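Below you'll find the structure, written out as structure tokens, and then a few comments.
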Amino acid sequence: MQVAIIGSGYVGLVAAACLAEMGHHVICMDNDCEKIARLQHGEIPIHEEFLEELLERHLGRRLNFSSSMETAIRPAAIVFIAVGTPPADDGAADLSSVEAVARELAPHLNRYRLIVEKSTVPVFTGERIREVLLLNGARPENFDVASNPEFLREGTAVADFLYPDRIVVGTSSERAAKLLKELYAPLTQHYYNARKDAIPQPDNTHTPARIIFTSVKSAELIKHASNAFLATKISFANAVANVCECVGADVSEVMLGIGADSRISPRFLAPGIGYGGSCFPKDLAAFRTLAAECGYDFRLLDEVKRINEAQRTRFIRKVRRALWNLKNKRLAVWGLAFKGGTDDIRESPAVAVCASLLAEGCRLVAYDPAAMPRAAEVLVHPAMEFADSPLAAVKDADALLVLTDWEEFTALDMKEVASFMRYPILIDGRNLFDPEEASSAGFYYCSIGRSDVQPALCQFPQAS
Ligand code: UGA
């Protein structure tokens, strides 16, 4: 099928590359001409596994970029709107870009096209897009508006797109439903997975994706409610971790026990310094504001946010407890991205913790496998340094803080790490390490929701 994608940000770009991979002909349009020129040369502005490979496979063939709306729309049967919806001052999503796209689109709708909202948008946006199209001269028989939210995670977005748990399609039009069914057939009928050159599935248990058809409003709510629920799960795990600390229980054991209930599932129950990123904080605020505007006081979401933010303060308290005075302490920091596997630092709790520690007079030496260039733009301080390896960061450090769950940190020889440090103190804000292993490597180890441990050599022999 012929597809146009308006917006070459994170969502638009991944969707464009994946739809081309599924066999469709895609033109991805953006009014940032410089960005489009770079994309036309295969330069990708984001760090995303498999994206480069997909661009290499399809650029100039099934996947093209353009800064002209006309060029993108002309051949398209389906037009995705994937422009940014940043938070406005009151927490609501700023939908001015979506409105501008709808205005610009209207004169091009000279025959039937399906307009699909892909950006994360609040309920009623579909209705608004429809109104704007009509006001700007589009004829009602020449379009339908559907909602098809994405559930991609940064870092695994390509695999998430090609092997989704579900595809949500909100529409009241049979014609629109048929078009989107056809578009996603390679994923719902398993064709894609059978291909020899398919991007590998994250695990082998994947079954064909299920399409869930709903009204436009329900689809819009599914996106916000999903993110709000996942954030709630994380805050719940963090709150339970705090109770574990009070009573001396182990949150990993507790989460193992509750996550084994298939009604709960073990995913998104990892406690730490809290969630961040460009989605959860923004979507929670937008959902909260929308609910209030519609007459429902969704106070649960305030508490989810409060618990999340308190995790950072609690973590800094742990650092203070381990080091006593913070002023002039040299702290190694592993991880700046809002989660492992990405260079994104938007709303990163790691960056927020660093900023607080700098304000307290600490000297920080940070290492992150991908996010350092971006972090260097915001953590501008005379006491902030960046190292070119995890080992260089810990040299002569008074303590090591783990702030992002990068898998590659777990592959390091922690005895060697301890030997580089002034004091072998490890404060793990992501529960990335096993307490016993950290202790055997010679660390004083503090984590989230688990008891602190001493270095193995310091422990008194157990009475037999
Ligand atoms: C999230 C959702 O998971 C996607 O389904 C959704 O499409 C996306 O937002 C979006 O709306 O665009 P993402 O922001 O990429 O994806 O990141 P997640 O993997 O969900 O992680 C979010 C934050 O929660 C990270 O800071 C992560 O470290 C934290 N987290 C996650 C925890 O603290 N504990 C967990 O158990 C899981």
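Position 1 is the first residue of the sequence; numbering continues from there. We count ligands from 1, going down the list as the structure has it; atoms in each ligand are counted the same way. It should be emphasised that the depicted structure is a prediction, and the values quoted were computed from it without experimental measurement.
Residue contacts with ligand 1, taken as heavy atom pairs separated by less than 4.0 Å, involve Asn227 solely via side-chain atoms from C-beta onward. With a heavy-atom cut-off of 4.0 Å, Lys223 touches ligand 1 through its side chain alone. Only the side chain of Arg430 comes within contact range of ligand 1, with a heavy atom under 4.0 Å; no backbone atom does. Under 4.0 Å from ligand 1, not a single heavy atom of Val11 appears.
Residue contact check for ligand 1: Ala270 places a non-hydrogen atom closer than 4.0 Å to it. Within the 4.0 Å heavy-atom shell around ligand 1 one does not find Gly272.
Using a 30° and 60° split on the angle between ring planes, Phe433 and Trp334 fall in the tilted class, from 30° to 60°.
Judged purely by atom type and a 3.5 angstrom limit, Lys223 has no side-chain atom pairing as donor or acceptor with the backbone of Phe151.
Residue Lys339 has at least one heavy-atom neighbour below 4.0 Å for each of these atoms of ligand 1: 13 (P), 15 (O), 17 (O), 18 (P), 19 (O), 21 (O), 25 (C), 27 (C), 28 (O). The atoms of ligand 1 that sit less than 4.0 Å from any heavy atom of Asp283 are 11 (O).
Of all protein heavy atoms, the one lying nearest to atom 9 (O) of ligand 1 is Cys279 CB, 3.2 Å.
Residues that satisfy the side-chain contact (heavy atoms from CB on, under 4.5 Å) test with Val121, not counting sequence neighbours, are Thr85, Leu95, Val98, Glu117, Ser119, Thr125, Glu220. The side-chain hydrogen bond (donor to acceptor under 3.5 Å, both in side chains) search around Glu360 returns Arg320, not counting sequence neighbours.
Ligand 1 has no N or O atom lying under 3.5 Å from any N or O atom of Arg153, backbone or side chain. For ligand 1, the polar-atom distance check against Phe338 finds a nitrogen or oxygen pair separated by under 3.5 Å. Below 3.5 Å of separation, one finds no N or O of Ile234 facing any N or O of ligand 1.
Between Arg306 and Glu303, at least one side-chain nitrogen of the basic residue sits less than 4.0 Å from a carboxylate oxygen of the acidic one, meeting the salt-bridge criterion.
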